[in-house]
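Some notes on the structure that comes next.
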Amino acid sequence: MITTHSSPREPLSKAYEAAAVEERLYRWWEESGFFKAQVNPAKKPFTIIMPPPNVTGQLHLGHAMTAAIEDALTRYHRMKGFEALWLPGTDHAGIATQMVVERELAKQGSSRHAIGREAFVKRVWEWVGTYGGIIEDQLRRLGASCDWSRKTFTLDEGPSLAVRTTFKNLYERGLIYRGERITNWCVTCRTALSDLEVDHAEEPGALYQIRYEFADGPLPDGRTGLVVATTRPETLFGDTAVAVHPDDPRYEGLVGKRVVLPVTGKHIPVIADEAVALDFGTGALKITPGHDPNDFETGERHHLPIVNVLNPDGSLNEVAGPFAGQERLAARKALVARLEADGLLEGVTEHPHSVGHCQRSGDIVEPIVSAQWFVAIKPLAERALEAVRDGRTRIVPERFEKVYANWMENIRDWCISRQLWWGHRIPVWYCADCAHVTVSIEDPAACEGCGSAYITQDEDVLDTWFSSGLWPHSTLGWPQKTADLDYFYPSTVMETGYDILFFWVARMMMMGLENVDDVPFQTVYLHGLVRDADGAKMSKTKGNVIDPLESIAEYGADALRFALTTGTTPGNDTRLSPARLQAARNFTNKLWNMGRFVLAALDEADDLSGWEGPGLDRTHPEDRWVLAKAQATAVAVNAAFTELQLAEAQRVLYEYLWSTVADWYIELAKVRMRAGDQRPRKVLAHVLERCLRLLHPFMPYVTEELWQHLKDRLPDPGDTPVSLMLASMPDPVGRLGQEAVDARLTGEAPAVEAMETVLDVVRSVRNVRAEFKIDPATPLDAVLTVSGDEGVLRAEAEAIRALARVGTLSFASDGAQAPAGAVKLVVRNVAVMLDVGAGVDLAAERARLGAEATETERYLRGLAGRLSNEQFVEKAPAEVVERERARLEDGQARLERIRQLLTELG
RNA sequence: GGGCGAAUAGCUCAGCGGUUAGAGCGCCUGCUUUACACGCAGGAAGUCACAGGUUCGAAUCCUGUUUCGCCCACCA
């Protein structure tokens, strides 16, 4: 038996204790099946496919950010009546996971090669079995309401079938091909990489000028050779030509000559190619088709041979002669020394340049030529580009649509084969007898071409992102035509960090359109990176990492979620500091204590007659005021959700709850409740309950816990299911229409305005008290002079007296007069005369009021100027003009009051 | 070499065409006020980077400049 809350009448702890609430509630939610979604034609679907974290990963703030946003969206739409599916999963993360297990093996003095492929893969599965579930439980701690019954792993049967089906389809359409191409090679990971997996960084380097001697001896002008410039001298063993620009006068007549490759004595031709820059280096370019993408193309144009100089581990191979076996950077040093000794090194200049590094290992990436599998991506990219251009998929923030388009327009074929053992093995079999290539979804027993049984499967696995790219449809059952796919696809929102826009989002767009013939999601929401308090990227080596689990333990999951998603905007990085976590924690505590107060108020009520009656008594100005603002808050929160402005939704709720309800309404209610008025108890319960619903998507735990205590004691029970997460979202727009919400049209504007005046009067008295350093306990007598209706001020007299500590409050209209030494100030249309006892400096008073008059005059001049401007009155919306007129009137009334006081002062 | 973002109170950031520009933190002055010191009340603090322009109206839109940051790109 799971208890939903800490027992109805047990006193609540003075401070909110997240740890006492979170685990219990989560277990209850999950075991009750509240997170589950199913095909339901009666409802509209709302789908988010969770970006699958690495299966061996640990929760970091990026995940926490993702979870906070996606859970808020999911819970909100669930409460809005959508069939909300948030589908979790994990990614096998090829290189990352394999490296982790390889490191383990290395510690034991073993290696994957020592134990062999089968044993190694088994070992990784064991690892996944042990550590694979950790991140799921960490997501649970955040309160993630995802449907765990649908949890998927990229290597599961379904996604694997999707991978093989996609591979075969693309192969048959000619969009997947195998080719000898130049690709990025990581010598640490010993695998090819896609262009995206290479990070470029500007680094100090050197440009070596090396003389290649003419094979036929010196020229008539005395030159003995050509000088080439290179940053990677060790690749010279792979040079198969030297290229000059055809119009370069320095090298006129040299094309066709042969030069001698240093060390090896090999002869290579001088060729002419327009791609050579005249103004860089020496104008003579060594061509190494095996180790430079540009040279590879030049080589193709000139039919040059390709020479590979590197072993897979980054050491030089046998073509390097005496340098064979040396690691590439060591070889570089040794070769430079040798060239110098041979008198072939013409010079060395400093040359900072961009160097590619493997995203995973950090090692310098080497371009090499090898047989790899590629996706001919252009046709897929065109459709993906079109889908964003025509708005079928929208990217938030919009500026990333340009980034996306730019990448899609310049996309290059995608190298998808990896020389790893952990991943989806490429579904290709080579025949030993007929050389036929069999591509098959099922493991074939024989060659498709000749029936030979001597077939062997391709050794490589696919890029992890290949399976990730299928995620939005492979998790829903594709390639089967499932009801899930039909109902939940395309997903509503894809929410993830902007750093994987190309890696993942772009690939999902292409693959989704290709496989399902529809976009994978309607909206892409990109959040920024979480940085430390100083704006630095968090990293273990810097030691500035905030561990989300520690934050949850210290501040609570609600606080962490709130801190991560408040005061931030999509696509912009955000800084998280303990200060922000504290502020969020304080808010949860504030809410908790408001709840405690309201619950106590309900307990203490000695007469709640009419409690069950329909709706609330809305006659009292305080109640009308707080209810009108509650309504406006609900409207604003719903509007913010529509625009995916989660920070705004939370800001509005924070402000309403703290600044309106806690700071004022509760204090006002106390006054009336002490006098025996029961109505505020109902209003409090109602308002708090509405806010708990609105806030629940962001702070699921504290809101649910309070709601459980509150739900059976509501004045207007209406819709009270067993859990807050199943309750409906207050949405006045939906029910009443936008116009009806507008305070002016509902007739609430006068009540709201009048109450604001009351609050200002209270503030002004407090202000004077502080200014004159009057003890807070000393009551001050006050006289009010009101221009206009003073009904609300009279109705609120007790409130003013209590909150402002006024002794006798009287009205000038009753003939009351302030004593000669009273401090006089003007609040809106009210003059407040405060008896502060003896000793008011008349001159200072005159100066203060004079300054106020001047300021008000300046303000009024601005307004009057605007209103006397024909253009303004003509062109500005009537609403704006009207508002300015009203302001002018109010301001004039105020100015009059000030002037009158000045006259009285003499 | 292209592209993007940021520049608003001491700090971190909202606001992105219509009040005399806001919040949190920090700062100053007071408070054991029976929900909360994770709190309450009051206060100080901003030529919204700079220069032009569009507009009845600009922190907000446009152009340029400066300073940071990021992304993309095969310059040996």
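Just so it is clear: chains get the letters A, B, ... in the order the sequence lines come, proteins before strands, and each one is counted from 1.
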Selected nucleotide, minimal atom distance to [X] side chain, candidates [options]:
X         : options                : answer
Thr230(A) : A76(B), G18(B), C56(B) : A76(B)
Ala579(A) : C25(B), A76(B), C4(B)  : C25(B)
Pro877(A) : U12(B), G18(B), U20(B) : G18(B)
Lys773(A) : A76(B), U29(B), C56(B) : U29(B)
Ala15(A)  : C38(B), A14(B), U55(B) : C38(B)
Lys875(A) : C38(B), G24(B), C56(B) : C56(B)

Decide yes or no for [X] and [Y]: does some side-chain heavy atom of the first lie under 4.5 Å from some side-chain heavy atom of the second?
X         : Y         : answer
Phe562(A) : Tyr555(A) : no
Lys590(A) : Leu657(A) : no
Lys286(A) : Thr235(A) : yes

Please tabulate, one pair per line, each protein N/O and nucleotide N/O from nucleotides 32-36 of chain B that are separated by under 3.5 Å, including the distance.
| unit_1 | atom_1 | unit_2 | atom_2 | d |
| --- | --- | --- | --- | --- |
| A35(B) | OP1 | Lys670(A) | NZ | 3.3 |
| A35(B) | O3' | Arg596(A) | NH2 | 3.3 |
| A35(B) | O2' | Asn593(A) | OD1 | 2.5 |
| A35(B) | O2' | Arg596(A) | NE | 3.4 |
| A35(B) | O2' | Arg596(A) | NH2 | 2.7 |
| A35(B) | N7 | Lys670(A) | NZ | 3.4 |
| A35(B) | N6 | Ala662(A) | O | 3.2 |
| A35(B) | N6 | Glu667(A) | OE2 | 3.3 |
| A35(B) | N3 | Asn593(A) | O | 3.2 |
| C36(B) | O4' | Asn593(A) | OD1 | 2.9 |
| C36(B) | O4' | Asn593(A) | ND2 | 3.4 |
| C36(B) | O2' | Asn589(A) | OD1 | 3.1 |
| C36(B) | O2 | Lys590(A) | NZ | 3.0 |
| C36(B) | N3 | Lys590(A) | NZ | 2.8 |

By the 4.0 Å heavy-atom rule, please label [X] as base, sugar-phosphate, or nothing.
X         : answer
Lys286(A) : nothing
Tyr654(A) : sugar-phosphate
His200(A) : nothing
Arg232(A) : nothing
Glu297(A) : nothing

In whole angstroms, how far is the [atom2] atom of [N] from the [atom1] atom of [X]?
X         : N      : atom1 : atom2 : result
Glu655(A) : G15(B) : CD    : P     : 14 Å
Phe772(A) : U29(B) : CZ    : C1'   : 15 Å
Phe587(A) : G39(B) : CZ    : C1'   : 15 Å
Arg585(A) : A37(B) : CZ    : C1'   : 11 Å
Glu202(A) : C70(B) : CD    : C1'   : 15 Å

(message) Can you tell me if Glu889(A) has over 12 outside heavy atoms packed within less than 6.0 Å of its CD?
(response) no
(request) Please say whether more than 12 non-hydrogen atoms of neighbouring residues, nucleotides or ligands are located less than 6.0 Å from CD in Glu350(A). (result) no
(request) For nucleotides C27(B) and C38(B), find the distance between their P atoms and express it as a whole number of Å. (result) 14 Å
(message) What's the gap between A9(B) and A51(B) when it is taken at their C1' atoms, as a whole Å value?
(response) 24 Å
Return no unless some side-chain N or O of [X] is found under 4.0 Å from OP1 or OP2 of [N].
X         : N      : result
Asn410(A) : C72(B) : no
His351(A) : A76(B) : yes
Arg766(A) : G42(B) : yes
Arg580(A) : A23(B) : no
Asn869(A) : G57(B) : no
Thr569(A) : C13(B) : no
Arg575(A) : C13(B) : yes

(message) Can you list everything that forms a side-chain contact (heavy atoms from CB on, under 4.5 Å) with Tyr251(A)? Sequence neighbours excluded, please.
(response) Arg223(A), Leu226(A), Val244(A), Asp248(A), Leu254(A), Thr282(A), Ala284(A)
(request) Can you tell me the pairing partner of C68(B) across any strand shown, Watson-Crick or G-U wobble, with both distances under 3.5 angstrom? (result) G5(B)
(message) Pairing check on C56(B): which nucleotide meets the Watson-Crick or G-U wobble criteria with it, both distances under 3.5 Å?
(response) G18(B)
(request) Please test Arg328(A) against Glu234(A) for salt bridge (Lys or Arg N to Asp or Glu O under 4.0 Å), starting from the C-alpha separation and ending with a verdict. (result) CA-CA 7 Å; Arg328(A) 64 211 148 131; Glu234(A) 71 280 7; over 6 Å; no
(request) Taking all heavy atoms of His357(A) and all of Val365(A), pick out the closest pair and write down the distance. (result) C-CG2, 3.6 Å
(request) Specify whether Trp592(A) and Tyr16(A) have parallel, tilted or perpendicular ring planes, treating 30° as the upper limit for parallel and 60° as the lower limit for perpendicular. (result) tilted
(message) With hydrogens left out and only the distance checked, is there a donor-acceptor pair under 3.5 Å joining Arg399(A)'s side chain and the base of C4(B)?
(response) no
